[in-house]
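Heads up, the thing below is written out as structure tokens.
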Amino acid sequence: MTNARTPLIAGNWKMNGSAAAATELARGVAAGAGDVSAELLVCPPAVLIPTVAAVLGAGVALGGQDCHAAESGAHTGDVSAEMLADAGCAYVIVGHSERRTDHGETSELVCAKAEAAHRAGLRAVICIGETDAERDSGKTLDVISSQLAGSTPAASDAANTVIAYEPVWAIGTGRTPTNDEVQEVHAHIRAVIKSSHGDAVAAGVRLLYGGSMKPENATGLLALGDVDGGLIGGASLQAADFLAIAASCP
Ligand code: PGA
């Protein structure tokens with residue numbers, strides 16, 4: 001069967017950059033976008049989204065790193081999905097482990113944020129992943145099942161949702177699971193989505209791997225049957241590295 005899922009290479013810039021640095025990075029990514037067949041996405045800090053939007057061009061999609069579940073209102077410091085859409089975003093990351101840890105976000109809240117993304121016409125990149133203690137105690141697949149069930153809206157489909165598997169212990173550490181371990185989890189995610197959302201959604205939804213992905217390990221990870229791209233932190237801050245990962249897509 002032909003794999004109809006267009007690979008997505010997403011850069012999560014996290015809380016890094018300035019207007020000048022973001023402009024340079026966005027220009028670098030945009031300049032190389034025509035040379036790769038993968039879909040490219042960059043997710044700058046919220047305050048830099050308009051700066052990046054002004055230089056990105058049509059070949060690279062723009063996304064937020066988080067959104068509030070509500071459309072507007074008294075939520076000091078928050079940004080709504082509608083605001084991200086208005087600023088030119090097509091995607092928003094929700095439920096990143098740094099949000100779950102730093103801000104106590106539960107899967108229930110992540111699900112509400114993903115619903116907000118859909119309400120605003122954005123694609124939600126829903127992040128899930130186990131800690132090292134959970135992996136060591138053999139609970140990885142159980143944790144993944146429960147985060148997936150709790151964080152994924154009933155109305156999720158292959159067009160409005162992307163799932164990112166990011167083992168917490170692999171983020172920013174230089175450690176990654178083996179390719180077999182990644183494929184095992186991704187196949188499990190697709191099977192869980194098949195039972196919750198049906199065959200068509202499971203076959204079409206893109207599953208990204210994230211956690212210390214870099215040019216040196218991208219080829220093996222991106223070749224796995226159920227890996228449809230990557231969510232890249234550190235290596236997305238250098239346009240050349242980000243583009244090299246994108247060029248590694250099969
Ligand atoms: P990393 O981050 O590539 O720096 O490990 C990935 C992520 O947190 O999305």
Side-chain angles (χ1 to χ4, degrees), residues 7-17 21-22 25 28-29 38-46 48-49 52 60-67 84 89 91-103 105 107 110 113-114 117 123-132 134-135 140 143-144 147-148 151 161-179 181-182 185-186 189 206-222 224 227-249:
L8 173 64
I9 299 297
N12 175 9
W13 294 1
K14 306 194 180 183
M15 196 172 73
N16 293 295
L25 178 53
V29 172
E39 182 183 351
L40 299 180
L41 165 66
V42 294
C43 301
L48 295 176
I49 286 171
V52 172
V60 185
L62 187 58
Q65 297 177 9
D66 175 51
C67 66
L84 294 173
C89 290
Y91 287 84
V92 60
I93 299 168
V94 293
H96 190 281
S97 67
E98 287 150 17
R99 299 288 316 174
R100 291 179 189 260
T101 303
D102 294 357
H103 299 271
E105 294 193 3
S107 288
V110 173
K113 291 181 174 206
R123 294 170 163 189
V125 179
I126 301 172
C127 301
I128 55 176
E130 83 286 1
T131 63
D132 48 3
E134 289 163 344
R135 177 161 284 270
T140 297
V143 169
I144 292 301
Q147 287 186 350
L148 199 52
S151 311
T161 299
V162 173
I163 305 293
Y165 168 55
E166 298 205 307
V168 177
W169 53 273
I171 296 174
T173 61
R175 296 165 57 210
T176 57
T178 65
N179 290 345
E181 287 168 340
V182 172
V185 174
H186 278 233
I189 292 170
R206 290 179 293 182
L207 309 182
L208 311 186
Y209 169 77
S212 297
M213 191 185 272
K214 41 189 186 273
E216 295 74 33
N217 61 18
T219 302
L221 289 163
L222 293 168
L224 299 170
V227 173
D228 308 308
L231 180 54
I232 295 119
S236 74
L237 298 175
Q238 300 292 336
D241 286 350
F242 184 65
L243 291 166
I245 292 171
S248 306
C249 288

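Atoms within each ligand, like the ligands themselves, are counted from 1 in listed order.
For ligand 1, the atoms lying closer than 4.0 Å to a non-hydrogen atom of Leu231 are 6 (C), 9 (O). Applying the 4.0 Å criterion to heavy atoms of Ser212 picks out, from ligand 1, the atoms 1 (P), 3 (O), 5 (O). Ligand 1 places these atoms under 4.0 Å from at least one heavy atom of Asn12: 9 (O). In summary, the atoms of ligand 1 found under 4.0 Å from a heavy atom of Gly172, numbered by their order in the structure, are 1 (P), 4 (O), 5 (O).
The protein heavy atom nearest to atom 3 (O) of ligand 1 is Gly233 N, 2.8 Å. Glu166 OE2, 2.7 Å is the protein heavy atom nearest to atom 9 (O) of ligand 1.
At distances below 3.5 Å, not a single donor-acceptor pair connects side-chain atoms of Glu130 with backbone N or O atoms of Ile144. A donor-acceptor pair is defined here as one N or O able to donate and one able to accept, closer than 3.5 Å; no such pair exists between the side chain of Ser107 and the backbone of Ser151. Looking only at distances, a side-chain donor or acceptor of Arg100 sits under 3.5 Å from a matching main-chain atom of Cys127.
Contact between Lys214 and ligand 1 is absent, with no heavy atom of the residue lying under 4.0 Å from the ligand.
Of all heavy-atom pairs spanning Gly64 and Cys89, the tightest one is N-SG, 3.8 Å. The two residues Asp241 and Ala235 make their nearest non-hydrogen contact at CB-O, 3.4 Å. The two residues Trp13 and Gln65 make their nearest non-hydrogen contact at C-NE2, 3.8 Å.
Checked by distance only, ligand 1 and Thr173 stay at 3.5 Å or farther apart across all their nitrogen or oxygen atoms. In terms of polar-atom proximity, Gly210 is not counted as a contact of ligand 1, lacking any N or O under 3.5 Å from an N or O of the ligand. Here's the thing with Gly234: one of its N/O atoms is less than 3.5 angstrom from an N/O atom of ligand 1.
Residue-level proximity to ligand 1 for Ile171 is carried by backbone and side chain together, each with a heavy atom below 4.0 angstrom. Proximity of His96 to ligand 1, defined as any heavy-atom pair under 4.0 Å, is confined to the side chain (atoms from C-beta onward). Of all the heavy atoms of Ala170, the ones lying under 4.0 Å from any atom of ligand 1 belong exclusively to the backbone.
In this structure, a donor-acceptor pair under 3.5 Å is present between the side chains of His96 and Glu166.
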*asked:* Does Leu231 form a side chain to side chain contact (heavy atoms under 4.5 Å, CB included) with Leu41? I'd like the steps, not just the answer.
replied: CA-CA 9 Å; Leu231 180 54; Leu41 165 66; over 6 Å; no
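Below 30°, between 30° and 60°, or above 60°: for Tyr165 and His186 the angle between ring planes is above 60°, a perpendicular geometry.
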